[in-house]
*Asks:* 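I have a structure I would like to understand better, so I am pasting it below and will then ask my questions one at a time.
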Amino acid sequence: MSRRLPWQLDPRPDAPFPPAETALREPDGLLAIGGDLHPVRLLNAYASGVFPWFSDGQPLLWWSPDPRMVFRTDGVHLSSRFRRSARGSGWVVRADTCFADVIAACAASPRPGQDGTWITPSMQEAYVALHRLGHAHSVEVFAGDRLVGGIYGVAIGRMFFGESMFSAASGGSKVALAALARQLALWGWPLIDAQVENDHLLRMGAEHWPRARFLEVVRRQVAVPEPPGCWTERFGVLAASSLV
């Protein structure tokens, strides 16, 4: 018989998560409740195929939905119309030069059908701490000195777990995602976790994977030796026009 309530997490940050396969079917993927956003717990969660997602006033909730939304790093699609506009944009893309600005912009971005944001101040603090440890990264799109788009997420081994992205100018998030995927593919990282279904992501090439398949890849990729650290130099500076 399946559980009716999500698992209550042990207060120790290094306590293991329950198996992702035991997550509830309704709501889809709810696995556990409680705990905190300590870096050790967050890294343990992502390595287990689990992520936090909750709103102000809710307890801390942990999820592992089935199916999972993912991008192959060689499978991000940009429309012909968008490619034409990007060629003349003059935008450039960097990494890890303004992580806190990117996560703050993601938190402030309105989302269709949502009132408020799940990227609470405590979430922002937690991911900035992960960034300082070299595990959370941002990819940033600039028009001159203006930040016009970005994406951030968590890297463990050779697995990237996308968290959120934003556009301050039309197409900014698309360029950020395409640039991230391009560089990860060049580095030999095969997959970007996109968490849950979104029509925008589907149009860009995201795929539904059964949770079991996703977890198999995650277990393999997080075990690949890849030291954490800042990506600014490794990523370099890309022209948006080079992505199309």
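What's counted below: heavy atoms across the whole structure, side chains too, no hydrogens, waters or symmetry copies.
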*Asks:* Pairing donors with acceptors under 3.5 angstrom, does anything connect the side chains of E140 and Y152?
*Replies:* no
*Asks:* Classify the angle between the aromatic ring planes of Y127 and Y46 as parallel (below 30°), tilted (30 to 60°) or perpendicular (above 60°).
*Replies:* perpendicular
*Asks:* Set out, in order, the CA-CA distance, both residues' side-chain angles and the distance that settles salt bridge (Lys or Arg N to Asp or Glu O under 4.0 Å) for R68 and D193, then state yes or no.
*Replies:* CA-CA 8 Å; R68 191 75 162 228; D193 175 28; 2.9 Å; yes
*Asks:* Determine whether the aromatic ring centres of F17 and W62 lie less than 6.0 Å apart.
*Replies:* yes
*Asks:* Do P18 and L9 have side-chain heavy atoms sitting under 4.5 Å apart?
*Replies:* yes
*Asks:* Within a strict 4.5 Å, meaning less than it, do heavy atoms of the F71 and L177 side chains meet?
*Replies:*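 Contact flag for F71/L177 side chains = yes.
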*Asks:* Measuring only between side-chain heavy atoms, which start at C-beta, is P52 closer than 4.5 Å to L61?
*Replies:*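 SC-SC contact between P52 and L61 ruled out.
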*Asks:* Would you say the side-chain atoms of H208 pair up with the backbone N or O of P67, donor to acceptor, closer than 3.5 Å?
*Replies:*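 No.
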*Asks:* For the atom pair NE2 (H77) and CZ (R83), what is the distance rounded to the nearest 0.5 Å?
*Replies:* 9.0 Å
*Asks:* Is V196 reachable from V154 through a run of I, L, V, M, F, W or Y residues, each pair having side-chain heavy atoms under 4.5 Å apart?
*Replies:* yes
*Asks:* Minimum heavy-atom separation for G157 to W189, with atom names?
*Replies:* O-CH2, 3.3 Å
*Asks:* Do the non-hydrogen side-chain atoms of L37 and S122 ever get within less than 4.5 Å of each other?
*Replies:*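 Sidechains of S122 and L37: in contact.
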*Asks:* When rounded to the nearest 0.5 angstrom, what distance separates CD1 in I156 from OG in S48?
*Replies:*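 One gets 8.5 Å once the value is rounded to the nearest 0.5 Å.
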*Asks:* Given L130 and L43, is the side-chain contact (heavy atoms from CB on, under 4.5 Å) satisfied, shown in steps?
*Replies:* CA-CA 9 Å; L130 273 187; L43 293 174; 3.9 Å; yes
*Asks:* With a 4.5 Å heavy-atom cut-off, do C106 and F166 have their side chains touching?
*Replies:*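 Heavy-atom side-chain distance check passes, below 4.5 Å.
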*Asks:* Taking atom OG of S55 and atom CE of M123, what is their separation to the nearest 0.5 Å?
*Replies:*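 The OG atom of S55 sits 9.5 Å away from the CE atom of M123.
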*Asks:* Salt bridge (Lys or Arg N to Asp or Glu O under 4.0 Å) for R72 and E207? Distances and angles first, verdict last.
*Replies:* CA-CA 8 Å; R72 300 175 191 267; E207 303 175 7; 2.9 Å; yes
*Asks:* Has the side chain of R211 got a donor or acceptor atom that lies under 3.5 Å from a matching backbone atom of A23?
*Replies:* no
*Asks:* Does V93 belong to the same Ile/Leu/Val/Met/Phe/Trp/Tyr cluster as W187, with side-chain heavy atoms less than 4.5 Å apart forming each link?
*Replies:*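 Yes; W187 is reachable from V93 via cluster members.
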*Asks:* Quick one, Q195 with E163, criterion side-chain contact (heavy atoms from CB on, under 4.5 Å). Give me CA distance, side-chain angles, the key distance, then yes/no.
*Replies:* CA-CA 8 Å; Q195 298 184 347; E163 269 296 316; 2.7 Å; yes
*Asks:* Which value, rounded to the nearest 0.5 Å, describes the distance between K174 atom NZ and I151 atom CD1?
*Replies:*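 Interatomic distance, K174 NZ to I151 CD1, rounded to 0.5 Å: 13.5 Å.
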*Asks:* Hey, does the side chain of S79 reach the backbone of F82 with a donor-acceptor pair shorter than 3.5 angstrom?
*Replies:* yes
*Asks:* Of the non-hydrogen atoms in V102 and G150, which two are nearest, and what is the gap between them?
*Replies:* CG1-C, 4.2 Å
*Asks:* How far apart are the closest heavy atoms of D96 and A136, and which atoms are they?
*Replies:*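 Residues D96 and A136, closest heavy atoms: OD1-O, 4.2 Å.
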*Asks:* Tell me whether the centres of the aromatic rings in W63 and W7 are closer together than 6.0 Å.
*Replies:*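 Not under 6.0 Å, so no.
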*Asks:* Taking the side chain as every heavy atom from C-beta outward, state whether N44 and D14 have any atom pair closer than 4.5 Å.
*Replies:* no
*Asks:* Applying side-chain contact (heavy atoms from CB on, under 4.5 Å) to F161 and I192, what does each step give before you reach the verdict?
*Replies:* CA-CA 6 Å; F161 303 89; I192 298 171; over 6 Å; no
*Asks:* Which heavy-atom pair separates N198 from M69 by the least distance, and what is that distance?
*Replies:*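 Residues N198 and M69, closest heavy atoms: N-CE, 3.9 Å.
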*Asks:* Using the rule side chain to side chain contact (heavy atoms under 4.5 Å, CB included), only one of T97, V148, V237 pairs with F142; which is it?
*Replies:* T97
*Asks:* Begin from the C-alpha positions of Q183 and L238 and carry the test side-chain contact (heavy atoms from CB on, under 4.5 Å) through to its verdict.
*Replies:* CA-CA 10 Å; Q183 293 304 91; L238 303 180; 3.9 Å; yes
*Asks:* Please name the pair of heavy atoms, one in L243 and one in R182, separated by the smallest distance, quoted to 0.1 Å.
*Replies:*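 Of all heavy-atom pairs spanning L243 and R182, the closest is CA-NH2, 3.2 Å.
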*Asks:* Between the main-chain N or O of G49 and the side-chain N or O of S64, is there a donor-acceptor pair closer than 3.5 Å?
*Replies:*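 The answer is yes, because a donor-acceptor pair under 3.5 Å joins these two groups.
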*Asks:* Do the charged groups of E197 and R203 touch, with an N to O distance under 4.0 Å?
*Replies:* no
*Asks:* Would the number of heavy atoms belonging to other residues, nucleotides or ligands and lying under 6.0 Å from CZ of R132 be above 12?
*Replies:*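 Counting neighbours around CZ of R132, 12 or fewer heavy atoms of other residues, nucleotides or ligands fall under 6.0 Å, so no.
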*Asks:* So which atom in T232 and which in A95 form the shortest heavy-atom distance, rounded to 0.1 Å?
*Replies:*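 Where T232 meets A95 most closely, the heavy atoms are OG1-O, 2.8 Å.
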*Asks:* Within the distance-only criterion (no hydrogens, no angle test), does the side chain of D66 pair as donor or acceptor with the backbone N or O of G29 below 3.5 angstrom?
*Replies:* no
*Asks:* Test the R94-W231 pair against the cation-pi criterion, namely NZ or CZ under 6.0 angstrom from the six-membered ring centroid and within 45° of the ring axis.
*Replies:* no
*Asks:* Taking 4.0 angstrom as the limit, do R41 and D36 come out as a salt bridge?
*Replies:* yes
*Asks:* Is there side-chain contact between L191 and T73, with heavy atoms separated by less than 4.5 Å?
*Replies:* no
*Asks:* Rounded to the nearest 0.5 Å, what separation is found between the CG atom of L147 and the SG atom of C98?
*Replies:* 5.0 Å
*Asks:* May I ask you to test the S164-I119 pair for a side-chain heavy-atom distance under 4.5 Å?
*Replies:* yes
